[in-house]
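Following: one structure in structure tokens, then a few remarks.
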2 protein chains.
Amino acid sequence: MKATIYDVAREAGVSIATVSKVINGKGKISEERRREIIEIMDRLHYQPSVIASALTGKHTYTFGLLIPDISNPFFAEVARAVEDRAHQLGYSVIICSTDNKDDRVERYIGLLKQKSVDGIIMGTGIERVDMAAELSGSMPVVAIGREWSSVPVHTVVADDYQGGRAAASHLLGLGHRRCAVLSESMTIISSRERVQGYRQALEEAGIPLHNDHIRICKFSIEDGRRNTALLLADENRPTALFCCNDLLAVGALQAAREAGVRVPEQLSIVSFDNTILAAVTDPPLTSVAQPMEQLGAMAVNLLVRELEEKPSDKQRIVLQTELIVRESTAGWRS
Amino acid sequence: MKATIYDVAREAGVSIATVSKVINGKGKISEERRREIIEIMDRLHYQPSVIASALTGKHTYTFGLLIPDISNPFFAEVARAVEDRAHQLGYSVIICSTDNKDDRVERYIGLLKQKSVDGIIMGTGIERVDMAAELSGSMPVVAIGREWSSVPVHTVVADDYQGGRAAASHLLGLGHRRCAVLSESMTIISSRERVQGYRQALEEAGIPLHNDHIRICKFSIEDGRRNTALLLADENRPTALFCCNDLLAVGALQAAREAGVRVPEQLSIVSFDNTILAAVTDPPLTSVAQPMEQLGAMAVNLLVRELEEKPSDKQRIVLQTELIVRESTAGWRS
DNA sequence: CTGAAAGCGCTTACAG
DNA sequence: CTGAAAGCGCTTACAG
């Protein structure tokens, strides 16, 4: 049987209140007693029950991480950063893959509430924004890589707009004039921003982004491939393609190969995220890197500060992206 | 404030014992009362506290998943499978990346115990086997992709030996005679089995596996690259290479490219795992597929059965692998 | 400096 | 069929 606070108290000949105080470093305890009690706790391998202390108003030191899919390399890398920072700070993380489905989000949130988690990091999309609003009313929430302008929560995101601009500048600098883009749904703010940055940089260079050069995709290799195939089938096909994430870019690469279009000679591709995938494809992808580690760590920092200090004003932290040039982009002479 | 069982009881004019019974579907309650109470619980948005019920002897419906690194695609895919199956069965999973370090394992196990998780799925390596033994004495444990022959726990693994044989057979069939292998540490049973299967199949064909054709690597792209570079520097270099996981194979691919050795024309590579990486490299990797989804789901099944039914005999489940032939292997004429 | 007692939100015999 | 009471392992005023 596991030792309880009663066992320790009995062994030490004191009350459980006294033991509780030394556990929590509260109140005044004579140095002698304290040492003795600590020694006994060690000897008994006593570990306070988080369950019991949570029931008396303290924290569970656990929070939920909602992301679309842990098996997706981008979220896996972010999750690792979240986990590490959380662990450093004494927290555990329950991972929840939502597939971006509202009913899964709802179910998970319900479970997390029942389990009295201390807070939630939301990295998933939701359609019914009221769910986020309601949630943020009932516990600390920080949004990561996503935002809901109407809901007051801490937010940490990459500078998607600048990232989109960087992709465009790079392609323009290489001489491209027919530039297309593969995006996720425009209902996702980060996608919208990436496309917007891309579009603006192009327009400033006097190059409009044609509507039929904007393809909205689902978040999958397969859909990236399908949409790229459509773009490449056009007689006036683009010479450059900006993909809003690595998965889409992998699909684009596959479509190009199948269509006999060489990358980068006949088609330049810039992706976004810079997960491990970007480094292992053929050719390796030029990619706008998101600071995944920082994203995760900052989100945890915000959440824990909210938990342990006085609730502060909602912050919005924007982290810089960085263009990593590999071999999927090359100069174009028309 | 969240509604408690007291609120429901008061509203319904019954005792909390009665409410508890309808929550748990225990005891006899008149159909009328039950309906009324359920209606009130709905109206109050009442959700029983897992914390409180766990303190009274029930489960926390949470378990821990210990793996080396969630940002590694193989473990991310397994984790997703674990999460999905757990979720279906009403459990949450706390993810713990250990980097295969004993002190991290120990710390995590301690935390999980304090949090009263119902069980642990161990997919991580540990040096001090006694830790696993002690753990399995204190709560249900199932090992996944790892085994400790001396510790009685449920185990679910892929058939590593057969997988190694399959890799060798494939290469032999293509005419290769100088075959090398990149392995993880031989202290990991699964690595040992893979190499063993590979070696035996080679030997049965009359081809010994030379010691200097066995390279022990750390679990990283970088180490795969480094060791492959060493192999390729040999004048009598191998024409085929079996890598015990995709990450090592990615490193091998990089080393080959750097050394100007074409894959598969001058070097065939077979990897193991068949994560998403194997599909996106250049060339795509021929790989021995592990059934990651099944591995995860089976591990959860075993754990939950142990939890909810009478503890059964420790099972050892071995799942089949499957060779997926892509473009990193080709025939060799000497 | 130390302890008795109430309380957190439940479940479980046990009695009726 | 229903409820009073004890108990799970803690923490927190409060009193001394």
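Chain naming here is simple, since letters A, B, ... match the order of the sequence lines and numbering starts at 1 in each.
You'll find that the side chain of B:Ser49 is closest to C:dC10, out of D:dG3, D:dC10, C:dC10. Of the candidate nucleotides D:dA4, C:dG3, D:dT11, C:dG3 has the atom lying nearest to any side-chain atom of A:Thr18. Distance from the side chain of A:Ser53 is smallest to D:dT11 among D:dT11, C:dC10, C:dA4. Comparing C:dG3, D:dT11, C:dG9 by their closest approach to the side chain of A:Lys21 singles out C:dG3. The listed nucleotides are D:dG9, D:dT11, C:dT11; the one nearest the side chain of A:Ile16 is D:dT11. Comparing D:dT11, D:dG3, C:dA4 against the side chain of A:Ala17 picks out C:dA4 as the nearest. You'll find that the side chain of A:Ile5 is closest to D:dG9, out of D:dG9, D:dT12, D:dA4.
Between the base of D:dG9 and the side chain of A:Lys2 there is no donor-acceptor pair shorter than 3.5 Å. Between the side chain of A:Tyr6 and the base of D:dC8 there is no donor-acceptor pair of N/O atoms closer than 3.5 Å.
Toward the 5' end of DNA chain D, the nearer of the two residues B:Glu31 and B:Ala52, judged by each one's closest nucleotide, is B:Glu31. Mapping B:Val14 and A:Pro48 onto DNA chain D by nearest heavy atom places B:Val14 at the nucleotide closer to the 5' end.
Note: CD (A:Glu36) to P (C:dC1) measures 16 Å, nearest angstrom. With rounding to whole Å, B:Arg33 atom CZ is found 7 Å from D:dT2 atom C1'. Rounded to whole angstrom, the span from the CG atom of B:Asp7 across to the P atom of C:dC8 amounts to 11 Å. Regarding A:Ile23, its CD1 atom lies at a distance of 15 Å from the C1' atom of C:dT2, rounded to whole Å. If you measure from atom CD of B:Glu32 to atom P of D:dC1, you get 12 Å, rounded to the nearest angstrom. Rounded to an integer number of Å, the gap from NE2 of B:His59 to P of D:dC8 is 18 Å. In this structure, the CG atom of B:Asn24 is 11 Å from the P atom of C:dC10, given to the nearest Å. Here the P atom of nucleotide C:dC10 and the CG atom of A:Leu55 are 9 Å apart, to the nearest Å.
Looking at A:Asp84 and B:Arg104, a side-chain N of the basic residue comes within less than 4.0 Å of a carboxylate O on the acidic one, giving a salt bridge. Ion pair A:Arg80/A:Glu293 not flagged as a salt bridge, since none of the NZ, NE, NH1 or NH2 atoms sits closer than 4.0 Å to an Asp/Glu carboxylate oxygen.
Here the options are A:Lys314, A:Arg305, A:Glu306, the test is side-chain hydrogen bond (donor to acceptor under 3.5 Å, both in side chains), and the partner is A:His154; only A:Glu306 passes.
Using modelled atom types, no side-chain atom of B:Asn100 and backbone atom of B:Pro68 make a donor-acceptor pair closer than 3.5 Å.
Among the atoms of the strands shown, none is found under 4.0 Å from any heavy atom of B:Ile51.
Using cut-offs of 30° and 60° for the angle between ring planes, the A:His87 and B:Tyr108 rings count as parallel.
For residues 109-120 of chain B, the pairs satisfying salt bridge (charged side-chain N to carboxylate O under 4.0 Å, His left out) are B:Lys113-B:Glu134, with sequence neighbours left out.
With a cut-off of 3.5 Å on both Watson-Crick or G-U wobble distances, the partner of C:dC1 is given as D:dG16.
At D:dT2, none of the side-chain N or O atoms of B:Ser15 fall inside 4.0 Å of OP1 or OP2 (strictly under the cut-off).
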